[in-house]
Protein chains: 2
Amino acid sequence: MTVTIYDVAREANVSMATVSRVVNGNQNVKPATRKKVLKVIEELGYRPNAVARGLASKKTTTVGVIIPDISNSMYAELARGIEDIATMYRYNIILSNSDQNQNKELQLLETMLGKQVDGIVFMSDVISTELLYEMERSPTPIVLAGSIDETNAVASVNIDYHGAAYEAVKKLVDNGHKKIAFVSGPLSSKINKDFKLKAYKEALEDAGIDYDEKLVVECNNSYDEGMKAVATLQPYEPTAYFVSNDEMSIGVIHALEESGKKVPEDAEIISYENSKLARMARPMLTSIAFPLYDIGAVSMRLLTKYMNEEEIEEKQVILPYRIEERQSTKNNA
Amino acid sequence: MTVTIYDVAREANVSMATVSRVVNGNQNVKPATRKKVLKVIEELGYRPNAVARGLASKKTTTVGVIIPDISNSMYAELARGIEDIATMYRYNIILSNSDQNQNKELQLLETMLGKQVDGIVFMSDVISTELLYEMERSPTPIVLAGSIDETNAVASVNIDYHGAAYEAVKKLVDNGHKKIAFVSGPLSSKINKDFKLKAYKEALEDAGIDYDEKLVVECNNSYDEGMKAVATLQPYEPTAYFVSNDEMSIGVIHALEESGKKVPEDAEIISYENSKLARMARPMLTSIAFPLYDIGAVSMRLLTKYMNEEEIEEKQVILPYRIEERQSTKNNA
DNA sequence: GTGAAAGCGCTAACAC
DNA sequence: GTGTTAGCGCTTTCAC
């Protein structure tokens with residue numbers, strides 16, 4: 001039924017080894033034999049079986065990607081970055097959604113290792129100690145993309161979340177605001193709690209402004225909760241908002257405008273993400289650029305180094321961020 | 001180094017066959033032996049090698065997914081639908097982006113088949129005859145998701161694109177419009193050219209309105225081109241717009257408002273997609289619901305039937321659509 | 001209920 | 001430059 005390397009060898013009057021050599025581009029083959037073999041391969045429609053190859057060579061040229069949810073544009077962007085570099089290095093990707101469910105994450109890791117992937121890119125807001133334990137004893141290299149492991153046991157690629165958030169809040173402070181709200185994503189996420197929120201507090205403190213917990217509201221990152229946050233915050237009359245992502249920022253803008261407030265005149269907003277949405281908002285969002293595509297790409301690149309057992313110069317990569325200034329803040333040029 | 005089924009068999013004093021049976025949940029094992037084997041598996045930390053299993057059983061429990069671009073929210077939604085059902089049936093997914101490049105599509109197909117996937121879900125705006133040829137002779141089942149193959153040679157899942165577009169344009173006609181613009185995606189796509197555009201013409205014709213090609217503008221589906229389309233159309237003074245997706249619709253709204261026009265008072269808009277964006281627009285978009293998630297889910301479900309060699313009742317599945325009425329059209333309740 | 005053994009289709013020494 | 005052969009780790013008859 002299916003044509004194998006054996007069939008090709010027989011038809012071409014050579015050994016399987018020789019066929020294998022031409023298929024794998026090994027130079028130790030006389031041009032004439034190579035040509036003959038190639039001809040038979042063509043005639044028979046031979047297609048190498050990657051599974052057999054994987055078993056024999058212990059390499060599958062596929063890497064596992066575990067992310068929270070591909071239908072979320074942030075993670076989709078990350079996935080594209082990963083896939084592009086993977087393709088460049090001839091790897092395929094097994095993609096799975098964890099929904100940030102720890103059991104699912106553990107089980108997915110197990111499945112991927114069972115499938116003998118050559119490496120894994122992993123993303124999650126929180127890396128449990130159990131997960132970390134499994135990652136450390138993984139027979140296959142793993143890199144964390146946009147995810148924090150404080151122990152630095154696993155390789156990772158991130159930006160300076162604290163620095164970015166600090167700069168954003170400081171900008172708001174410098175524009176004269178005293179009541180700055182923080183519309184946060186889930187505080188179960190280390191990035192929100194230990195970096196953004198912390199930076200928010202520090203920026204305030206450094207400006208001599210008292211921290212008021214009433215001004216921070218925890219949301220689920222959705223547009224609707226962005227709108228609701230404005231209602232929740234209304235009694236405390238914030239004049240500026242630092243918002244955890246673009247979608248919520250749009251919710252904040254819409255809620256503000258419905259209540260008769262103008263952005264940026266009555267309230268300034270700095271978002272975090274700088275996705276396509278930032279330019280599709282009215283006013284367009286000033287936003288901290290969170291380079292998801294790059295994080296994915298660099299993570300995958302780093303992974304290839306581990307897979308090739310190359311020298312790793314830095315295990316914890318920190319990518320640059322920048323603030324894209326648009327219309328949701330006043331221009332103080 | 002790695003522990004194999006052989007190690008487990010030896011330690012448990014049973015044969016490899018028996019270990020295989022307990023690992024695969026075969027009932028023909030005495031409870032006592034099962035328990036003993038399970039214990040050894042636990043102790044040794046045995047993890048079955050899916051590659052070896054795949055070679056022996058000729059099943060990999062992974063399916064290939066070829067889509068244009070995962071960073072596009074439409075395809076991401078589709079991918080999520082596919083993955084959820086795949087997970088439900090214990091399949092993993094190899095995900096690849098084709099960027100609608102035909103050579104890449106062919107090569108991706110080849111790679112997936114080489115990796116011995118048990119099935120493939122494929123999406124592309126245009127299925128070339130060459131691709132179709134390869135699909136027909138694929139040893140593995142393939143289903144097209146949201147993609148048209150006029151020959152009906154390959155299984156597929158779609159909605160009634162023509163009916164949906166016709167209904168949208170008719171609604172605009174019924175609202176009294178005579179100059180209805182069609183802001184289309186690429187006309188290289190069969191869905192745009194042979195379904196939406198055709199339905200647009202028919203709806204106009206049925207209403208006794210002459211077709212004017214000046215009123216249709218071909219775009220690349222982006223926000224920016226949505227904005228530009230309004231400028232291009234401005235000399236012909238359309239009073240209603242049928243737009244190919246939500247992102248372009250938002251561009252149209254913004255351009256319209258910048259030129260002093262109010263939506264829906266001065267211009268009505270019906271979009272196509274009904275993504276999360278539709279509710280995030282101001283005014284919120286009336287939009288034809290294009291159920292990408294469902295298309296993905298149903299495609300994958302259909303694929304499982306092929307993979308299990310079940311009876312297929314319908315090879316070409318047509319899912320229902322509906323029009324979500326919101327604020328970008330006038331309410332004629 | 002359990003075991004023996006023959007593959008699955010390929011790679012990778014090693015020999016010539 | 002090419003061939004031989006022993007696995008890779010599992011499933012799957014077929015016996016018993």
Side-chain angles (χ1 to χ4, degrees), chain A residues 1-38 40-41 44-62 90 110-111 113-118 139-140, chain B residues 1-38 40-41 44-62 90 110-111 113-118 139-140:
Chain A
M1 184 57 229
T2 60
V3 14
T4 73
I5 198 173
Y6 173 80
D7 300 316
V8 177
R10 179 172 34 75
E11 292 301 310
N13 286 313
V14 297
S15 69
M16 286 162 56
T18 297
V19 178
S20 178
R21 286 190 187 98
V22 349
V23 167
N24 293 295
N26 186 314
Q27 287 308 305
N28 292 339
V29 182
K30 214 196 307 179
T33 28
R34 173 186 309 282
K35 200 176 157 196
K36 181 174 59 177
V37 170
L38 253 14
V40 174
I41 286 179
L44 266 46
Y46 169 66
R47 172 189 296 136
N49 181 324
V51 173
R53 194 191 296 223
L55 184 58
S57 69
K58 298 180 165 305
K59 290 197 183 325
T60 54
T61 64
T62 107
R90 314 238 105 96
E110 188 65 18
T111 304
L113 293 177
K115 294 225 167 177
Q116 313 301 118
V117 295
D118 296 336
T140 255
Chain B
M1 184 57 228
T2 60
V3 12
T4 74
I5 200 173
Y6 173 81
D7 301 315
V8 176
R10 180 170 35 75
E11 292 301 311
N13 285 312
V14 296
S15 69
M16 286 162 56
T18 297
V19 178
S20 178
R21 288 190 187 97
V22 349
V23 167
N24 292 295
N26 185 316
Q27 287 308 305
N28 291 340
V29 182
K30 214 195 306 178
T33 29
R34 174 187 308 283
K35 201 177 156 196
K36 182 173 59 178
V37 170
L38 252 16
V40 174
I41 286 179
L44 266 46
Y46 169 67
R47 171 189 297 136
N49 181 325
V51 172
R53 196 191 296 223
L55 183 58
S57 69
K58 298 178 166 305
K59 288 194 183 327
T60 54
T61 65
T62 107
R90 314 237 106 97
E110 188 65 18
T111 304
L113 293 176
K115 295 225 168 179
Q116 312 301 118
V117 295
D118 296 335
T140 255

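Keep in mind it's a predicted model, so treat the numbers as computed, not measured. These values consider heavy atoms only, across backbone and side chains, with no hydrogens, waters or symmetry-generated copies. Residue numbers begin at 1 in each chain, while the letters A, B, ... track the order of the sequences.
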query: Can you list, by residue number, the residues of residues 44-57 of chain A that have a non-hydrogen atom closer than 4.0 angstrom to DNA chain D?
result: L55(A), A56(A)
- request: Take atom CE of M16(A) and atom P of dC8(C), then tell me their distance rounded to the nearest Å.
  value: 11 Å
task: Measure from CD on Q116(A) to C1' on dC10(C) and round the result to the nearest Å.
output: 16 Å
task: Return the angle between end axes of the helix from dG1(C)-dC16(D) to dC16(C)-dG1(D), with five pairs used per end and rounding to 10°.
output: 30°
- prompt: Which atom names give the shortest non-hydrogen contact between L44(A) and E11(A), and what distance separates them?
  reply: CD2-CG, 3.8 Å
- prompt: What integer distance in Å separates K58(B):NZ from dG9(C):C1'?
  reply: 8 Å
- prompt: Out of dG9(C), dG1(C), dC10(C), which has the shortest distance to the side chain of K30(B)?
  reply: dG1(C)
- prompt: Would you say the side chains of N24(B) and R53(B) form a donor-acceptor pair under 3.5 Å?
  reply: yes
message: Quick check: do T4(B) and N49(B) have side-chain heavy atoms less than 4.5 Å from each other?
response: no
query: Considering only heavy atoms, which members of residues 20-28 of chain A lie under 4.0 Å from some atom of DNA chain D?
result: R21(A), N28(A)
- request: Decide yes or no for D118(A) and T140(A): does some side-chain heavy atom of the first lie under 4.5 Å from some side-chain heavy atom of the second?
  value: no
message: I need the CZ-P distance between R10(A) and dT4(D), as an integer number of Å.
response: 15 Å
message: How close do A9(A) and S15(A) get, counting heavy atoms only, and between which atoms?
response: CB-C, 3.7 Å
task: Would you mind telling me which of T60(A), T61(A), T62(A) makes a side chain to side chain donor-acceptor pair (under 3.5 Å) with K115(B)?
output: T61(A)
statement: Here the distance between atom P of dG9(C) and atom NZ of K115(B), to the nearest Å, is 18 Å
- prompt: Is I5(A) close to Y46(A) at the side-chain level, that is, under 4.5 Å between some pair of heavy atoms?
  reply: yes
query: Does the side chain of S15(A) get closer than 4.0 angstrom to OP1 or OP2 of dG3(D) through an N or O atom?
result: yes
field: Heavy-atom pair of closest approach, residues L55(B) and A52(A)
entry: CD1-CB, 3.7 Å
task: Using only side-chain N and O atoms of T18(A), determine if any of them is under 4.0 Å from OP1 or OP2 of dG1(D).
output: no
message: Without decimals, in angstroms, what is the distance between Y6(A) OH and dT4(D) C1'?
response: 13 Å
- prompt: Does any non-hydrogen side-chain atom of I41(A) lie less than 4.5 Å from one of V23(A)?
  reply: yes
task: Please name the residue in the list V14(A), V22(A), L38(A), V37(A) that meets the side chain to side chain contact (heavy atoms under 4.5 Å, CB included) test with V8(A).
output: V37(A)
- prompt: Under a 4.5 Å cut-off applied to non-hydrogen side-chain atoms, are L113(B) and P139(B) in contact?
  reply: yes
